[in-house]
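Just below is one structure, and these are the notes that go with it.
For ligands, and for the atoms within them, numbers begin at 1 and follow the listed sequence. If you're wondering where the values come from, they're calculated on a predicted model, not measured in any experiment.
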Amino acid sequence: MTLPPDRPVVLIAEELAPSALEVLADDYDVRHIDGTDRPALLAALTDASAVIVRSATQIDAEAVAAAPRLKVVARAGVGLDNVDVPAATARGVMVVNAPTSNIVSAAEQAVALLLSVARNTAAASAALKAGEWKRSKYTGVELSGKTVGVVGLGRIGVLFAQRMAAFGVRLVAYDPYIQPARAAALGVRLLGLDELLRESDFISIHLPKTPETVGLIGVRELALVKPGVRIINAARGGLIDEQALADAIADGRVAGAGIDVFAKEPCVASPLFAFDSVVATPHLGASTIEAQDKAGLAVARSVKLALDGEFVPDA
Ligand code: NAD
Ligand code: MLT
C-alpha cells in the first residue's frame with residue numbers, strides 16, 4: 001500500500017495496546033520511541049503532531065518547546081503529573097488523558113496489596129518456594145471489624161472503599177474536597193488527616209501527585225499512626241516519604257506496607273525492600289489487559305479527534 005505523504009506524525013513514547021495502534025495506523029505516520037531516552041524523545045518531537053505517553057515519559061516545558069508542530073499530548077492513563085499542562089496550554093497544545101480507563105484496575109491493585117500485606121502472602125510464598133514451610137511466622141490479621149482509612153476519596157478511592165466494604169470493615173476517609181453527604185452515602189465517615197492516621201488499622205492512599213500532596217505522609221504523620229497500621233500506596237511515589245516509612249517499619253510502629261509506586265521510577269533499590277512485611281510491585285496498578293485496552297483506545301480516539309480539529313469529549 002502506498003501511504004499518502006505528509007501524514008501527521010503520532011509519536012508513541014511508551015507501550016500502547018495493539019487495539020489503539022490499529023485506530024491510528026491508517027491515517028498517521030505512527031512512530032515508536034522510548035520516551036525515557038531523553039535525547040531521542042526531544043529529537044523525535046521535532047516532527048510530531050501528537051505524542052502518546054504513560055507515566056514514565058516527561059512532557060515538560062522543554063519537551064513542548066522541542067515540538068513546533070505539536071497539537072496534542074495524550075496520556076494513556078489517569079495521572080497528569082508527568083505532563084506540564086500549563087506549558088502545553090500556553091503553546092496551544094491540547095492535553096488529554098483517559099481518566100476512567102484504569103480506575104477499576106488501580107482499585108483492585110490496592111485491594112490485592114492490602115490483602116497480601118495483611119496475610120504475608122508474598123513473603124510466605126517466596127519462603128515456601130525457597131524450601132521453608134513456616135506457618136506461625138506468617139500469621140496475619142483479619143480485615144473484618146478493622147478501620148480502613150482512605151486518603152483521597154475520588155474515583156479510585158471510592159471503588160477501593162466499595163470493595164473494602166465487602167470485608168466488613170469500618171470506612172473512614174480524608175478528602176477536604178468531597179461533600180460529607182457523598183461520603184455518607186458511600187458509608188464512609190470523613191475525618192481530618194490526623195484523626196484518620198490515629199484511628200486506622202489500614203490506610204490506602206488514592207491522591208493525585210500535586211505540590212500539595214507530595215510528602216503528605218512523612219515523619220510527623222507516621223508518628224501519629226495507630227501502632228500496627230498497614231499502609232498501601234498504589235497512587236503515586238512521593239506521597240509517602242519512603243525513608244520515613246522504612247524507619248517506621250523498622251521501629252515497629254507500622255506493621256507492613258504495600259507499595260506500587262516510587263518517588264523515582266524505575267526503582268530497583270529502596271529502603272523498603274529490606275522488609276519481609278513490605279509487598280512491592282513495579283507500578284502495576286494499571287497493568288491489566290482491560291485497562292490498557294481502555295486507556296489506549298480512549299487516547300487514540302482523542303488524538304484522532306484533536307488532529308481532525310474536532311471537539312474532544314472526556315474519554
Ligand atoms: P480523582 O481525581 O478522581 O481523585 C483524587 C481525589 O483526591 C479527589 O477526590 C480529590 O478531592 C482528592 N485530593 C486532591 N488533593 C487532595 C489533598 N491535598 N488532600 C486530600 N485529598 C485530596 O483521581 P483518581 O482517578 O482517583 O486517581 C488518583 C491517582 O491515582 C491519580 O492521580 C494517579 O496518580 C494514581 N493512579 C495510579 C495508578 C497506578 O498504576 N498505580 C493507576 C491509576 C491512577
Ligand atoms: C495512571 O496514572 O494512569 C497510572 O499511573 C497508570 C500508568 O501510567 O500506567
Side-chain angles (χ1 to χ4, degrees), residues 13-17 20 35-36 52-59 74-83 85 95-114 149-163 172-180 182-183 186 188 190-197 203-218 221 232-240 258-263 265-267 279-296 298-299 314-315:
E14 293 179 59
E15 204 167 319
L16 206 62
T36 63
I52 303 183
V53 301
R54 282 183 65 183
S55 59
T57 304
Q58 298 301 316
I59 302 294
R75 167 69 168 89
V78 177
L80 281 168
D81 42 289
N82 55 323
V83 179
V85 180
V95 177
V96 298
N97 67 346
T100 60
S101 56
N102 59 31
I103 56 177
V104 169
S105 292
E108 289 180 356
Q109 174 75 345
V111 174
L113 288 172
L114 189 147
V150 183
V151 181
L153 197 59
R155 293 186 183 95
I156 298 170
V158 165
L159 292 175
F160 171 80
Q162 287 170 333
R163 282 149 182 75
V172 298
Y174 167 65
D175 189 328
Y177 305 108
I178 85 147
Q179 295 299 325
R182 162 116 176 96
L186 292 162
V188 178
L190 283 181
L191 297 178
L193 180 60
D194 290 1
E195 289 170 283
L196 178 146
L197 295 169
I203 295 170
S204 190
I205 316 291
H206 298 285
L207 297 169
K209 184 174 181 182
T210 67
E212 202 187 358
T213 60
V214 170
L216 191 75
I217 311 288
E221 291 71 27
I232 309 304
N233 183 11
R236 273 295 177 274
L239 303 178
I240 303 181
I259 305 294
D260 185 49
V261 284
F262 297 86
E265 295 183 1
C267 172
V279 180
T281 46
H283 202 147
L284 294 183
S287 294
T288 62
I289 290 165
E290 295 84 353
Q292 287 312 304
D293 260 348
K294 283 185 263 183
V299 293
D314 276 349

Taking C-beta and beyond as the side chain, do [X] and [Y] meet within less than 4.5 Å on heavy atoms?
X	Y	result
E15	S287	no
I217	L193	yes
L216	L239	no
V188	V150	no

Exercise. Can you list the ligand 2 atoms lying under 4.0 Å from a non-hydrogen atom of G77?
Worked result: 3 (O)
Seminar exercise, completed: Here the atoms of ligand 2 under 4.0 Å from any heavy atom belonging to R236 are 1 (C), 2 (O), 4 (C), 5 (O)
Nearest heavy-atom pair of [X] and [Y]: which atoms, and what distance?
X	Y	result
L114	F160	CD1-CZ, 3.8 Å
A161	L153	CB-CD1, 4.4 Å
D175	G154	OD2-N, 4.0 Å
I259	V261	CG2-O, 3.2 Å
L207	G152	CD2-CA, 3.6 Å
V111	R163	CG2-CB, 4.0 Å

For this session: State the OG-CD distance between S105 and Q292, to the nearest 0.5 angstrom.
Result: 8.0 Å
Exercise. Which value, rounded to the nearest 0.5 Å, describes the distance between T281 atom OG1 and L113 atom CG?
Worked result: 4.5 Å
Nearest neighbour in protein (non-hydrogen) for [atom]:
atom	answer
atom 16 (C) of ligand 1	Y177 CE1, 3.6 Å
atom 3 (O) of ligand 2	V78 N, 2.6 Å
atom 44 (C) of ligand 1	I156 CD1, 3.4 Å
atom 11 (O) of ligand 1	D175 OD1, 2.8 Å
atom 29 (C) of ligand 1	L207 O, 3.4 Å

Please work out whether any backbone atom (N, CA, C, O) or any side-chain heavy atom from C-beta onward of [X] is under 4.0 Å from ligand 1, and answer side chain, backbone, both or neither.
X	value
V78	side chain
D260	side chain
H206	backbone

Distance under 4.0 Å to a non-hydrogen atom of [X]: what atoms of ligand 1 satisfy this?
X	result
H283	39 (C), 40 (O), 41 (N)
A234	37 (C), 38 (C), 39 (C), 41 (N)
E212	18 (N)
L153	9 (O)
Y174	19 (N), 20 (C)
A106	42 (C), 43 (C)
P176	19 (N), 20 (C), 21 (N)

Exercise. With respect to R236, which candidate in D81, T213, T210, V78 satisfies the side-chain contact (heavy atoms from CB on, under 4.5 Å) definition?
Worked result: D81
For this session: For ligand 2, find out whether one of its N or O atoms is nearer than 3.5 Å to an N or O atom of G79.
Result: yes
Problem set entry | S55-E265 side chain donor-acceptor pair, cut-off 3.5 Å | no
Evaluating non-hydrogen atoms only, which member of [options] is closest to [atom]?
atom	options	answer
atom 8 (O) of ligand 2	H283, R75, R54	R75
atom 7 (O) of ligand 1	P208, G154, S287	P208
atom 3 (O) of ligand 1	R155, Q109, R236	R155
atom 36 (N) of ligand 1	A235, G79, G157	A235
atom 43 (C) of ligand 1	T100, N97, N102, L193	N102

Problem set entry | Part of A286 within contact of ligand 2 (heavy atoms, under 4.0 Å) | side chain
Exercise. Does ligand 2 have a heavy atom under 4.0 Å from the side chain of N102, from its backbone, from both, or from neither?
Worked result: side chain
Exercise. Considering residues, nucleotides and ligands other than Q162, do more than 12 of their heavy atoms fall under 6.0 Å from its CD?
Worked result: yes
Exercise. Does the protein put a heavy atom under 4.0 Å from atom 25 (O) of ligand 1?
Worked result: yes
For this session: Check step by step if side chain to side chain contact (heavy atoms under 4.5 Å, CB included) holds for N82 and R75.
Result: CA-CA 9 Å; N82 55 323; R75 167 69 168 89; 3.4 Å; yes
For this session: Return a yes/no value for I178: is any of its N or O atoms, backbone included, closer than 3.5 angstrom to an N or O of ligand 1?
Result: no
